[in-house]
Undergrad: 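Right, I'll just put the structure down here and ask away after.
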Amino acid sequence: MEHKNSTEADFASAVALHAPQLQKSLEKGDLQEATRIIAQISQARERTLYMEVGRLTRELHSAIIDFDIDPSNPHAKEMSQITDASERLQYVVKMTDQAANCAIDLVEASAPLVNYISYEAQSLMADWQRFMRKDMKADEFRVLARRVEEFLSRSLHDSDQLSANLNEILMAQGFQDLTGQVIKRVMTLITDIENNLLKLVIMAGQVDRAVGIEHSTDDLRKKSAKEKISSSGEGPQIHADKLDDVVSDQVDVDDLLSSLGF
Amino acid sequence: MKILIVDDFSTMRRIIKNLLRDLGFTNTAEADDGSTALPMLQSGNFDFLVTDWNMPIMSGIDLLREVRADVKLKHLPVLMVTAEAKRDQIIEAAQAGVNGYVVKPFTAQVLKEKIEKIFERVNG
């Protein structure tokens, strides 16, 4: 910044130095002298611009180094941190997918075991009550006794299996630790990138000012707002409870739909 | 009762499939977006459609519009199960002719209630 101010100051002092001479030569009607002075002012302006551009190029270069990308490297794309971050997030998707599928597999494997225990217990209970009411013949009781024995032995085996399944479901939740770490690293990277981008934006603003270009930010904002609207959806709302245009739970959905006549 | 479950995440399809099985609906099929679901619906004699909103290629809302525009399918009950939670979106889905709307994350109880409500209305 200081450097920039000094180059601007140089230009300002050049103008201040030449202005009275220019005025004098114009008053005298010495057009040749006036043209020479204008050329000198113009040179000072160009010099300032060159210095500005040189400085900005150096800053741009250091910003690119901050991004850890070597543009001259043919593998720059593969080496970029963004690619690395995408791979890390892909890992998160893979891990969460594996964990969810693992848990669902185990739930699906456990359901028939629980169903058997429930179904057979009900059936045995009915027969057991008949036995207690003394409403059962001896050979029927022998069948019941065999079924009770089988039920007990299968229950022992199945409860071991269920306990193992529950343990595995528990272990499958370990993905949270690993993916949490990856997500936190990517968050740090995004913050770094945002800071570097901000530096670039500020620099671009300085280039615009140096060469006198003006952009309409309103137009740019309108354009990006227009691009946001689509039927493809937005995904989960992160601050549903703080936003007015978002429902915060199913009760809100039901209320809204019933107000529409559902 | 034949039900088509449409979601781009296989885990969510499996969760819904398991919940439906607990409710006694065992005849289900799956599709991973609207563009694969639509031909299945057109040729498959489905009685019920459960769809997500946000999917690649064809979204759930576009699938819903296609269904309502199809002579054969226009009366098919459609339940949307989605993370999309903007009021405008829910109104948009209602206007497109959705029969029920469940926001993720949801419970088995909510899914059961909405499905039962839809069938009550369809049969009643």
Side-chain angles (χ1 to χ4, degrees), chain A residues 90 92-115 118-119 165 169 172-173 175-176 179 225 228-262, chain B residues 8-19 21-22 33-34 51-66 79-111 113-114 117-118 121:
Chain A
Q90 199 59 47
V92 171
V93 172
K94 198 178 100 192
M95 288 289 281
T96 51
D97 180 82
Q98 273 175 2
N101 275 308
C102 169
I104 298 171
D105 283 344
L106 290 160
V107 168
E108 284 179 353
S110 304
L113 305 183
V114 175
N115 286 345
S118 165
Y119 176 82
N165 289 358
I169 290 174
Q173 308 313 307
F175 78 93
Q176 164 64 19
T179 57
K228 270 185 196 161
I229 303 167
S230 77
S231 74
S232 62
E234 300 190 5
Q237 295 287 343
I238 310 300
H239 294 296
D241 50 341
K242 291 180 195 143
L243 298 168
D244 283 343
D245 60 341
V246 171
V247 294
S248 44
D249 55 20
Q250 188 63 37
V251 177
D252 270 5
V253 178
D254 295 348
D255 286 350
L256 178 60
L257 286 175
S258 71
S259 77
L260 295 167
F262 264 70
Chain B
D8 52 336
F9 278 86
S10 66
T11 46
M12 187 45 74
R13 293 199 301 269
R14 292 187 69 184
I15 290 170
I16 293 173
K17 193 176 163 179
N18 273 284
L19 291 173
R21 189 190 296 133
D22 282 351
D33 90 301
T51 182
D52 183 21
W53 181 311
N54 195 354
M55 294 178 289
I57 311 180
M58 190 196 281
S59 68
I61 189 78
D62 289 338
L63 175 64
L64 173 63
R65 292 197 179 103
E66 292 283 345
L79 176 67
M80 201 157 243
V81 179
T82 173
E84 301 302 322
K86 280 202 158 178
R87 289 177 187 280
D88 289 349
Q89 291 176 308
I90 298 166
I91 295 167
E92 193 182 343
Q95 283 167 346
V98 84
N99 300 83
Y101 199 103
V102 172
V103 280
K104 293 177 189 169
F106 60 96
T107 62
Q109 186 58 31
V110 163
L111 189 73
E113 275 172 26
K114 301 305 159 200
K117 206 172 158 196
I118 290 173
R121 218 179 286 129

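Note on naming: letters A, B, ... go to the chains in the order of the sequence lines (proteins, then strands), and numbering restarts at 1 for each one. All heavy atoms count here, side chains included; hydrogens, waters and symmetry mates do not. Only a predicted model underlies this, so the values are computations on that prediction, with no experimental measurement involved.
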Undergrad: Pick one of side chain, backbone, both or neither for B:Lys114, based on which atoms fall under 4.5 Å of a heavy atom in chain A.
TA: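 Just the side chain, heavy atoms under 4.5 Å.
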
Undergrad: Is it true that, when you exclude B:Lys104 itself, more than 12 heavy atoms of the residues, nucleotides or ligands shown sit nearer than 6.0 Å to its NZ?
TA: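 Yes.
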
Undergrad: Taking B:Arg87 first and then A:Asp244, would you say they form a salt bridge - that is, a charged N and a carboxylate O separated by under 4.0 Å?
TA: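 Result for this pair is no, no salt bridge flagged.
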
Undergrad: So A:Val253 and B:Ile90, side-chain contact (heavy atoms from CB on, under 4.5 Å) or not? Walk me through it.
TA: CA-CA 8 Å; A:Val253 178; B:Ile90 298 166; 4.1 Å; yes

Undergrad: What residue, out of A:Asp252, A:Leu257, A:Asp245, has the most heavy-atom pairs lying under 4.5 Å from chain B?
TA: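 Heavy-atom pairs under 4.5 Å are most numerous for A:Asp245.
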
Undergrad: Would you check if the side chain of B:Glu84 reaches a backbone N or O of A:Pro236 as a donor-acceptor pair within less than 3.5 Å?
TA: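 It does not hold such a pair.
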
Undergrad: Between B:Thr107 and chain A, with a heavy-atom cut-off of 4.5 Å, which part of the residue counts as in contact: side chain, backbone, both or neither?
TA: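 No part of it gets close to chain A.
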
Undergrad: Can you say whether B:Asn99 sits under 4.5 Å from chain A via the side chain, the backbone, both, or neither, judging by heavy atoms?
TA: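 Backbone only.
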
Undergrad: Quick one: list whatever passes side chain to side chain donor-acceptor pair (under 3.5 Å) with A:Thr179, sequence neighbours left out.
TA: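 None.
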
Undergrad: Report, as yes or no, whether the 6.0 Å neighbourhood of atom CD on A:Gln90 holds more than 12 heavy atoms from other residues, nucleotides or ligands.
TA: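 At most 12 heavy atoms, drawn from other residues, nucleotides or ligands, come within 6.0 Å of this atom.
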
Undergrad: Can you find a heavy atom in the side chain of A:Ile104 that is under 4.5 Å from one in the side chain of B:Thr11?
TA: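 Yes, at least one pair of side-chain atoms sits under 4.5 Å.
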
Undergrad: Could you check whether any side-chain N or O of A:Gln250 sits under 3.5 Å from a backbone N or O of B:Tyr101, counting only pairs where one atom can act as donor and the other as acceptor?
TA: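 Present.
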
Undergrad: Just so I understand: if I count every heavy-atom pair under 4.5 Å between each of A:Val107, A:Asp97, A:Val247 and chain B, which residue has the most?
TA: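 Of the options given, most contacts go to A:Val247.
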
Undergrad: Could you tell me which non-hydrogen atom of B:Asn54 sits nearest to which non-hydrogen atom of A:Gly235, and how far apart they are?
TA: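 Nearest pair, atom of B:Asn54 first, then A:Gly235: ND2-N, 3.4 Å.
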
Undergrad: With a 4.5 Å cut-off on side-chain heavy atoms, are B:Val103 and A:Asp249 touching?
TA: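 Sidechains of B:Val103 and A:Asp249: no contact.
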
Undergrad: Go through the atoms of A:Asp255 and report whether side chain, backbone, both or neither lie under 4.5 Å from a heavy atom of chain B.
TA: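 Neither part.
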
Undergrad: Can you sort out the partners of A:Glu108 under side chain to side chain donor-acceptor pair (under 3.5 Å), two or more places apart, ordered by chain and number?
TA: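 So A:Glu108 forms a side chain to side chain donor-acceptor pair (under 3.5 Å) with B:Arg14, B:Asn18.
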
